[in-house]
Amino acid sequence: MTATGGSRVVRRLLLLGWDAADWSFADPMLQRGELPNLAALVRAGLRSDLSTLDPKLSPMLWTTVATGKTADKHGILNFVEPDPAGGGLRLASSTSRRTRALWNMLTLRGMRVNAVSWYASHPAEPIRGLCVSNLFAQGHPGADGAWPMAPGAVHPADQSDAVSALRVDPASRGPALLKPFVPQVQACTGPEEGRLLRALATHLAQARSVHAASLHAVRQGDWDCTMVFHDMIDALGHHFMALAPPRLQHVDLKLFTRFSGVMAAVYREQDRMLGELLQACGPDTTVILMSDHGFHNDERRPQMSGVAMTDERAEVEATWHRPIGVLAMAG
């Protein structure tokens, strides 16, 4: 990447987003040596708290990261937006963004850039590099084994088959593969336990699909910037952070016993993928790892019991988001 005068400041930049990552949860794990790759990144550079913006809605915040503009200028305001085809809603789309993202800016400068699974990046945009939209790994194979990707999920289109083959089927996350997250997985036979295991399998498969696509992107040849987004910490936090230690008074003891270690295992999995990606990027890569906000994990955790799937639930879920996220930089 070049400065205004043309001198090379950074050979290549990796911008990695971990939605809802929080130092207050990660620090005890770092002290116990459970996140070695994040620890090495911090030792090689610096770390800081990072203040968020309100409202703490991830598509809005990550589009601000990508564009340098606030939501009133970039136009991505929520997870969904009115469908211009009429009637209903659709997921926030790249066609609704009103300003250029970093991947557009670098393309215009003649640089090679990869963008993988960023919020509101579907359909994939024509950039000089690989663009994999946030919808590329949605869904699961049908009864016949077919698992079509959303049209327009990958640019250039000739990379679609290669990226499609990297997706991880949630059904493949069977008991043996979930055991590192839930050691008592075989004993989980109740309906609520089944729901939690399905959520874990779904978001773990999504994260591993994003990771596989990011490895594919950085191995495609030389590049100037790669941007990768993971939502696993946030998505699974809404399912499992209530079950993390210390046990809250309203939390069922059996569920706590079964699932209390899930969020720590999620951070370990994210750290494992970080190590593999950094190795694939090589030692000359400057790294920025950040989150859009934190996630309450102490006595301030909100109580979700009995809240229906309504606007009230969405409002309560947003109260999980702590105003301080993470920033780590090295290079």
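Predicted, not measured: the structure shown is a model, and the values here were computed from it.
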Original post:
Within a strict 4.5 Å, meaning less than it, do heavy atoms of the Lys179 and Gln186 side chains meet?
Top reply: no
Subject >> Closest non-hydrogen atom pair, Pro156 against Gly129 >> reply: CD-O, 3.5 Å
**OP:** Starting from the C-alpha separation in whole Å, work towards a yes-or-no answer on salt bridge (Lys or Arg N to Asp or Glu O under 4.0 Å) for Arg11 and Asp224.
**Re:** CA-CA 7 Å; Arg11 180 174 179 269; Asp224 296 285; over 6 Å; no
Original post:
Are Leu13 and Leu50 connected in a single hydrophobic cluster, I mean Ile/Leu/Val/Met/Phe/Trp/Tyr linked by side-chain heavy atoms less than 4.5 Å apart?
Top reply: yes
Original post:
Below 4.5 Å, heavy atoms only, C-beta onward: do Val185 and Leu197 meet side chain to side chain?
Top reply: yes
**OP:** Decide side chain to side chain contact (heavy atoms under 4.5 Å, CB included) for Arg47 and Leu327; before the verdict, give the C-alpha distance in whole Å, the side-chain angles of both, and the deciding distance to 0.1 Å.
**Re:** CA-CA 6 Å; Arg47 58 170 275 175; Leu327 176 66; over 6 Å; no
Original post:
Under 30°, 30 to 60°, or over 60°: which ring-plane class applies to Trp118 and Trp103, parallel, tilted or perpendicular?
Top reply: perpendicular
Original post:
Under 4.5 Å between any side-chain heavy atoms of Gln184 and Phe259, yes or no?
Top reply: no
Subject >> Heavy-atom closest pair, residues Pro141 and Gly145 >> reply: CB-O, 3.9 Å
Subject >> Nearest atoms (heavy-atom pairs only) where Arg258 meets Cys188 >> reply: CD-SG, 3.6 Å
**OP:** Go through the structure and list residues passing salt bridge (charged side-chain N to carboxylate O under 4.0 Å, His left out) with Arg268, not counting sequence neighbours.
**Re:** Glu34
Original post:
Is the Phe229 ring parallel, tilted or perpendicular to the Tyr119 ring (thresholds 30°, 60°)?
Top reply: tilted
Subject >> Within one Ile-Leu-Val-Met-Phe-Trp-Tyr cluster: Leu200 and Leu243, side-chain cutoff 4.5 Å >> reply: yes
Original post:
Are Leu166 and Val228 connected in the hydrophobic side-chain network, where two residues link if heavy atoms are under 4.5 Å apart?
Top reply: no
Original post:
Do the side chain of Ser209 and the main chain of Val168 share a donor and acceptor less than 3.5 angstrom apart?
Top reply: yes
Original post:
Does Arg167 use its side chain to pair, donor to acceptor, with the backbone of Ser164 at less than 3.5 Å?
Top reply: yes
Original post:
If we ignore angles and hydrogens, is there a donor and acceptor under 3.5 Å between the side chains of His321 and His238?
Top reply: yes
Original post:
When rounded to the nearest 0.5 angstrom, what distance separates CG in Asn114 from OG1 in Thr226?
Top reply: 4.0 Å
Subject >> For Leu38 against Asp271, the heavy-atom pair lying closest together >> reply: N-OD1, 2.7 Å
Subject >> 4.5 Å side-chain heavy-atom contact, Val65 and Met290 >> reply: yes
Subject >> Candidate pair Cys225 and Leu102, rule side chain to side chain contact (heavy atoms under 4.5 Å, CB included), full reasoning >> reply: CA-CA 9 Å; Cys225 178; Leu102 184 57; 4.3 Å; yes
**OP:** Verify whether one side chain among Asn104 and Arg97 offers a donor that lies under 3.5 Å from an acceptor in the other.
**Re:** yes
Subject >> Flag for Glu125-His155: side-chain donor and acceptor within less than 3.5 Å >> reply: no
**OP:** Could you grab the distance from atom CZ of Arg109 to atom CZ of Arg128, nearest 0.5 Å is fine?
**Re:** 12.5 Å
Subject >> Flag, side chain of Thr64 to backbone of Met60, donor-acceptor distance under 3.5 Å >> reply: yes
Original post:
Given Arg208 and Asp169, is the salt bridge (Lys or Arg N to Asp or Glu O under 4.0 Å) satisfied, shown in steps?
Top reply: CA-CA 10 Å; Arg208 290 186 174 176; Asp169 176 7; over 6 Å; no
Original post:
Ser121 side chain to Ser117 main-chain N or O, any donor-acceptor pair under 3.5 Å?
Top reply: no
Original post:
Going through the distances and angles, do Lys73 and Arg98 end up as a side chain to side chain contact (heavy atoms under 4.5 Å, CB included)?
Top reply: CA-CA 7 Å; Lys73 295 183 174 65; Arg98 297 198 296 261; 5.6 Å; no
Original post:
Are Gln206 and His230 close enough that a side-chain donor and a side-chain acceptor fall under 3.5 Å?
Top reply: no
Subject >> His122/Phe136 aromatic ring centres below 6.0 Å >> reply: no
Original post:
Sequence neighbours excluded, which residues qualify as salt bridge (charged side-chain N to carboxylate O under 4.0 Å, His left out) partners of Arg112?
Top reply: none
**OP:** Would you mind checking if Lys56 and Asp54 are paired as a salt bridge, meaning a charged N to carboxylate O distance below 4.0 Å?
**Re:** yes
Original post:
Atom NE2 in His293, atom CZ in Arg322: separation rounded to 0.5 Å?
Top reply: 11.5 Å
**OP:** Please say whether more than 12 non-hydrogen atoms of neighbouring residues, nucleotides or ligands are located less than 6.0 Å from CG in Asp72.
**Re:** yes
**OP:** Keeping the roles fixed (side chain from Arg12, backbone from Cys281), state whether a donor-acceptor pair exists under 3.5 Å.
**Re:** yes
Original post:
Between the side chains of Asp22 and Ser291, is a donor N or O closer than 3.5 angstrom to an acceptor N or O?
Top reply: no
Original post:
Can you find a pair of side-chain heavy atoms, one from Met241 and one from His296, that are under 4.5 Å apart?
Top reply: no
Original post:
Got Ile127 and Thr107 here, is their nearest side-chain heavy-atom distance under 4.5 Å?
Top reply: yes
Original post:
Would you say His211 and Glu276 make side-chain contact, with heavy atoms under 4.5 Å?
Top reply: yes
Subject >> From Met29 atom CE to Trp23 atom CH2, the distance as rounded to the nearest 0.5 Å >> reply: 12.5 Å
**OP:** Using a 4.5 Å cut-off on heavy atoms from C-beta on, say whether the side chain of Gln138 contacts that of Met149.
**Re:** no
Subject >> Rounded distance (nearest 0.5 Å) linking atom CG of Leu41 with atom CG of Leu35 >> reply: 11.5 Å
Original post:
For Leu253 and Thr257, what are the C-alpha separation, side-chain angles and deciding distance, and is it a side chain to side chain contact (heavy atoms under 4.5 Å, CB included)?
Top reply: CA-CA 6 Å; Leu253 179 58; Thr257 302; 4.1 Å; yes
Subject >> Donor on one side chain, acceptor on other, Asp292 and Trp62, under 3.5 Å >> reply: yes
Subject >> Validation row, ring centre Phe295 to ring centre Phe25 under 6.0 Å >> reply: no
Original post:
Does CE belonging to Met329 count more than 12 external heavy atoms closer than 6.0 Å?
Top reply: no
**OP:** Would you name the heavy atoms of Leu215 and Ala280 that are closest together and state the gap between them?
**Re:** CD2-CB, 3.8 Å
**OP:** Answer yes or no: is there a donor N or O on one side and an acceptor on the other, between the side chain of Arg301 and the main chain of Asp298, under 3.5 Å?
**Re:** yes
Original post:
So with a 6.0 Å cut-off around CZ of Arg247, is the heavy-atom count from everything else above 12?
Top reply: yes
Subject >> Donor-acceptor contact present, side-chain Asp234 to main-chain Asp19, <3.5 Å >> reply: no
Original post:
Nearest 0.5 Å, what's the CG-CD distance between Leu255 and Glu193?
Top reply: 6.0 Å
Subject >> Joint hydrophobic cluster, Leu16 plus Leu30, side-chain heavy atoms closer than 4.5 Å >> reply: yes
Original post:
According to a 4.5 Å side-chain heavy-atom criterion applied to Ile, Leu, Val, Met, Phe, Trp and Tyr, with indirect links allowed, do Val326 and Ile324 form part of one hydrophobic cluster?
Top reply: no
Original post:
Shortest non-hydrogen contact from Asn78 to Ala92?
Top reply: O-CB, 3.5 Å
Original post:
Any donor and acceptor pair, going by atom type alone, linking the side chain of Trp18 with main-chain N or O of Ile233 inside 3.5 Å?
Top reply: no
